[in-house]
Amino acid sequence: MTPLTALSPIDGRYASKADSLRPYLSEFGLIKARVTVEIRWLQSLADNSAIGELAAFDDQTNAFFECNR
């Protein structure tokens, strides 16, 4: 367990019971969710033809984003 994967004081006595929650409720889970939201937002902006400053992503780039969730 690291500071990024720690949950809270429940890591002591109830660590084994909380292991399945660790990927979602830890600091790591929060950071991962935030990055996912930012990537989806960027993809949405790139798909909007009214935004000329950002070209649409090609299929390979979108596939890369999908497989690195």
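Here, residue 1 is the first one in the sequence, and each next residue gets the next number.
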From Leu7 CG over to Leu25 CG, what is the distance, rounded to the nearest 0.5 angstrom? 6.0 Å
Do Phe65 and Phe57 pass the ring pair (Phe, Tyr, Trp, His ring centres under 6.0 Å) test, and can you show the C-alpha distance, the side-chain angles, and the key distance before you say yes or no? CA-CA 10 Å; Phe65 287 143; Phe57 294 121; 5.5 Å; yes
Given the rule that I, L, V, M, F, W and Y join up when any side-chain heavy atoms are under 4.5 Å apart, are Trp41 and Ile39 in one cluster? yes
Evaluate Asn48 against Leu54 for side chain to side chain contact (heavy atoms under 4.5 Å, CB included), listing each step before the verdict. CA-CA 9 Å; Asn48 188 335; Leu54 183 61; over 6 Å; no
Ionic contact status for Glu66 with Arg40, cut-off 4.0 Å: yes
Could you check whether any side-chain N or O of Thr5 sits under 3.5 Å from a backbone N or O of Thr2, counting only pairs where one atom can act as donor and the other as acceptor? yes
Specify the closest pair of heavy atoms between Arg22 and Asp19, including all atoms of both residues, with the distance to one decimal. NH2-OD1, 2.9 Å
Quick one: do Phe64 and Val35 end up in the same hydrophobic cluster if we chain Ile, Leu, Val, Met, Phe, Trp and Tyr together by side-chain heavy atoms under 4.5 Å apart? yes
Which distance, rounded to the nearest 0.5 Å, do you find between the CG of Leu45 and the CD of Glu53? 10.5 Å
If we count only N and O atoms by modelled type, under 3.5 Å, do the side chains of Asp58 and Thr61 hold a donor and an acceptor together? yes
Starting at CD of Glu38, measure out to CG of Leu42 and round the result to the nearest 0.5 Å. 8.5 Å
